[in-house]
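Quick note: numbers below take in every heavy atom, side chains included, and nothing from hydrogens, waters or symmetry partners. Bear in mind the structure is a predicted one, so any value in this text is a computation, not a measurement.
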Amino acid sequence: MAEPKKLFIKTYGCQMNVYDSERMAEALGNDGYVKSETAEDADMVLLNTCHIRERASEKLYSDLGRLRKLKLAKPEMKIGVAGCVAQAEGDEILRRTPFVDLVVGPQTYHRLPQMLRSNTQQIDTEFPTEDKFDLLPARKVQRGPSAFLTVQEGCDKFCAFCVVPYTRGTEVSRPVARILSEARGLVERGVRDITLLGQNVNAYHGAHDSGDFSLSKLLRLLAGIDGLERLRYTTSHPNDMDDDLIAAHGDLPKLMPYLHLPVQSGSNRILKAMNRKHTAESYLRLIERIRDARPDILLSSDFIVGFPGETEQDFDDTMSLIRSVNYGAAYSFKYSARPGTPAAEKPELDAETTDRRLYALQALITEQQRAIQEGMVGRVVGVLYDKHGRNPGQMVGKSDHLHAVHVDDAHGVVGELVQVRITGSKTNSLSGVRLV
Ligand code: 5AD
Ligand code: SF4
């Protein structure tokens, strides 16, 4: 039998790319590729790229520079670029780095095996009408008890800074039946924790025989799967948090008390310039309603600092919003002008101001995160073990609130969901003891 060909995939960016990389690996697995841990010994290297901020595409070109050297020594090696940079800059990639064999956008992964069989340079960045997930092989490989499941892609919101509506296209929801069968398949292979993914996941409106399903209806259906213990979803837009979704946080025990709800800024002037279509006040009211439904919910957000025109007052408004909400986690970014987006036309702030604001914002978030973590000490939380710890007799898992928890447990098994009393808090994790 021929030696299996080796595939190395590097994933940049969001969780949706992690999911897509897995599915591409499986599609190529059917063509005889097995995963490799390094680019050096691979027959095919696939870079699954992200275009959300400038540095993401710079990383691609520097990685391609390194791969060029590998390919000079091993000319039969194939190099592919997938993901959102492929979508946005496909032709430029082929021009700047002509040793790349194929460029494939996020909507055409199912055509990868066929593209690979060709001996000429290939590019496919269409937005086809067929559902790529339908055409990709069913998921077989699953390690660990947690999995992502993409239910929705694309975005119709057109925030002024964001490339997603251009690179991932308009909103498309997968039909309910497909999601249900994928979720059941995952649970059969040992998954107990599923995070539903979508660029705008709470705008989900997938087809079902009884009429379109909203995200809350989908969650209620998935919660009925025996053996599935935990559900989460990400990423949401505040304007799509409907009443039933808020209610689901109160009445679905499997829906975990963690919600990523990006606000981006606390200044109404900036929110308007960002085309966010919500205000700081409407966001705060929403948070109040979510907390009424699920008082112990932990909230996280995304923030952009240094958006064009952001004044000290605007930034202070963001800091006050953060103080009012009290976040358990957050991702914060310096504004990065993306070609083709409306905000890219506007003059940028000076780098020092942006750096100073980012630093102050992150310090505040870190402080809130630390206080919330310390508040967990003494409490009993569910922990799903996902691996053995570095020390003997130690397990590592995720709490209901998505904190990493180190547990002293000599008999723990990966995939077990246990009750743990939290005894300590460190910078990025908690520690605890297992209760029987
Ligand atoms: N510059 C900086 N951050 C951005 N994001 C999206 N576009 C940009 C940009 N041009 C951030 C937003 C979004 C997260 C995924 O990335 O905060 O929620
Ligand atoms: Fe981008 Fe999110 Fe705004 Fe959509 S809602 S345009 S994905 S930031």
Side-chain angles (χ1 to χ4, degrees), residues 11 13-15 18 143-148 192-193 195 229-232 234-235 255-263 287 291 294-303 305 318-319 321-334 355-436:
T11 307
C14 67
Q15 291 150 333
V18 173
R143 295 169 218 93
S146 298
F148 294 130
R192 306 188 75 188
D193 169 12
T195 300
E229 306 292 346
R230 290 175 156 188
L231 281 162
R232 305 177 204 271
T234 196
T235 289
L255 186 55
M256 289 293 104
Y258 181 97
L259 179 63
H260 183 61
L261 195 59
V263 66
I287 297 290
R291 282 195 168 132
R294 183 77 206 236
D296 71 334
I297 199 160
L298 192 145
L299 291 154
S300 79
S301 177
D302 291 339
F303 294 94
V305 298
T318 300
M319 296 293 270
L321 179 136
I322 296 173
R323 284 189 201 97
S324 308
V325 175
N326 194 23
Y327 287 103
Y331 302 89
S332 45
F333 312 101
K334 291 189 235 179
D355 283 348
R356 174 174 48 76
R357 290 179 187 167
L358 184 71
Y359 187 80
L361 187 149
Q362 288 181 340
L364 176 57
I365 296 283
T366 304
E367 179 47 33
Q368 295 191 336
Q369 191 170 350
R370 191 193 57 76
I372 287 181
Q373 275 190 208
E374 275 174 10
M376 302 301 294
V377 175
R379 282 178 60 175
V380 174
V381 292
V383 174
L384 179 63
Y385 288 156
D386 44 33
K387 57 182 183 213
H388 288 271
R390 236 178 273 151
N391 305 335
Q394 190 186 55
M395 298 298 293
V396 186
K398 291 284 179 337
S399 76
D400 302 338
H401 298 87
L402 213 53
H403 287 125
V405 188
H406 297 263
V407 185
D408 290 326
D409 182 354
H411 308 290
V413 176
V414 170
E416 232 180 336
L417 179 59
V418 300
Q419 294 297 303
V420 169
R421 183 177 300 282
I422 302 299
T423 52
S425 167
K426 282 200 243 159
T427 314
N428 287 314
S429 66
L430 300 171
S431 48
V433 290
R434 177 179 178 164
L435 307 178
V436 261

Point-to-point distance, once rounded to the nearest 0.5 Å, from CZ of Phe148 to OG1 of Thr234: 9.0 Å

Close side-chain approach of Val396 to Val405, heavy-atom, < 4.5 Å: no

Pairwise side-chain contact, Val325 with Leu299, heavy-atom cut-off 4.5 Å (strictly under): yes

Gln368 side chain near Ile322 side chain, heavy-atom distance below 4.5 Å: yes

Closest non-hydrogen atom pair, Gln419 against Val380: OE1-CG1, 3.5 Å

Minimum heavy-atom distance between Val381 and Ser399, given as atom pair plus value: CG2-CB, 4.1 Å

Heavy-atom side-chain contact between Lys398 and Asp193 under 4.5 Å: no

Interatomic distance, Leu430 atom CG to Arg379 atom CZ [nearest 0.5 angstrom]: 10.5 Å

From CA spacing to verdict: side-chain contact (heavy atoms from CB on, under 4.5 Å), Ile422, Val420: CA-CA 6 Å; Ile422 302 299; Val420 169; 4.2 Å; yes

Pairing of Asp296 and Arg291 as salt bridge, 4.0 angstrom limit: no

4.5 Å side-chain heavy-atom contact, His403 and Leu298: yes

Show me the donor-acceptor pairs within less than 3.5 Å that the side chains of residues 382-392 make with the rest of the protein, sequence neighbours left out.
| residue | atom | partner | partner atom | Å |
| --- | --- | --- | --- | --- |
| Tyr385 | OH | Asp409 | OD2 | 2.7 |

Full working for side-chain contact (heavy atoms from CB on, under 4.5 Å) between Val418 and Met395: CA-CA 11 Å; Val418 300; Met395 298 298 293; over 6 Å; no

Ser301 to Pro262 - nearest heavy-atom pair and separation: OG-CA, 3.5 Å

Closest contact, heavy atoms only, Ser332 versus Gln362: OG-NE2, 2.9 Å

Atom pair CG/OG1 of Asp408 and Thr423 - distance to nearest 0.5 Å: 7.5 Å

Leu361 side chain near Thr318 side chain, heavy-atom distance below 4.5 Å: yes

Gap between atom CE of Met319 and atom CD1 of Ile365 - 0.5 Å precision: 8.5 Å

Salt bridge flag under 4.0 Å for residues Asp355 and Lys334: yes

Residues which pass side chain to side chain donor-acceptor pair (under 3.5 Å) with Gln373, listed by chain and number, not counting sequence neighbours: Ser425

Side-chain donor/acceptor of Arg421 to backbone N/O of Gly378, under 3.5 Å: yes

Nearest atoms (heavy-atom pairs only) where Arg192 meets Gly415: NH1-O, 2.9 Å

Rounded distance [0.5 Å steps], CE in Met256 versus CD in Glu229: 8.5 Å

Min side-chain heavy-atom separation Asp302-Phe333 under 4.5 Å: yes

Point-to-point distance, once rounded to the nearest 0.5 Å, from CD1 of Ile287 to CG of Asn326: 11.0 Å

Step-by-step side-chain contact (heavy atoms from CB on, under 4.5 Å) determination, Val263 to Tyr327: CA-CA 12 Å; Val263 66; Tyr327 287 103; 3.8 Å; yes

Pair Arg434 + Glu416: basic N to acidic O under 4.0 Å: yes

Within-4.5 Å side-chain heavy-atom neighbours: Tyr258 and Thr195: no

For the student: nearest non-hydrogen atoms of Gly328 and Gln369, plus distance: O-CG, 3.1 Å

Donor + acceptor pair across side chains of His260, Ser300 (<3.5 Å): yes

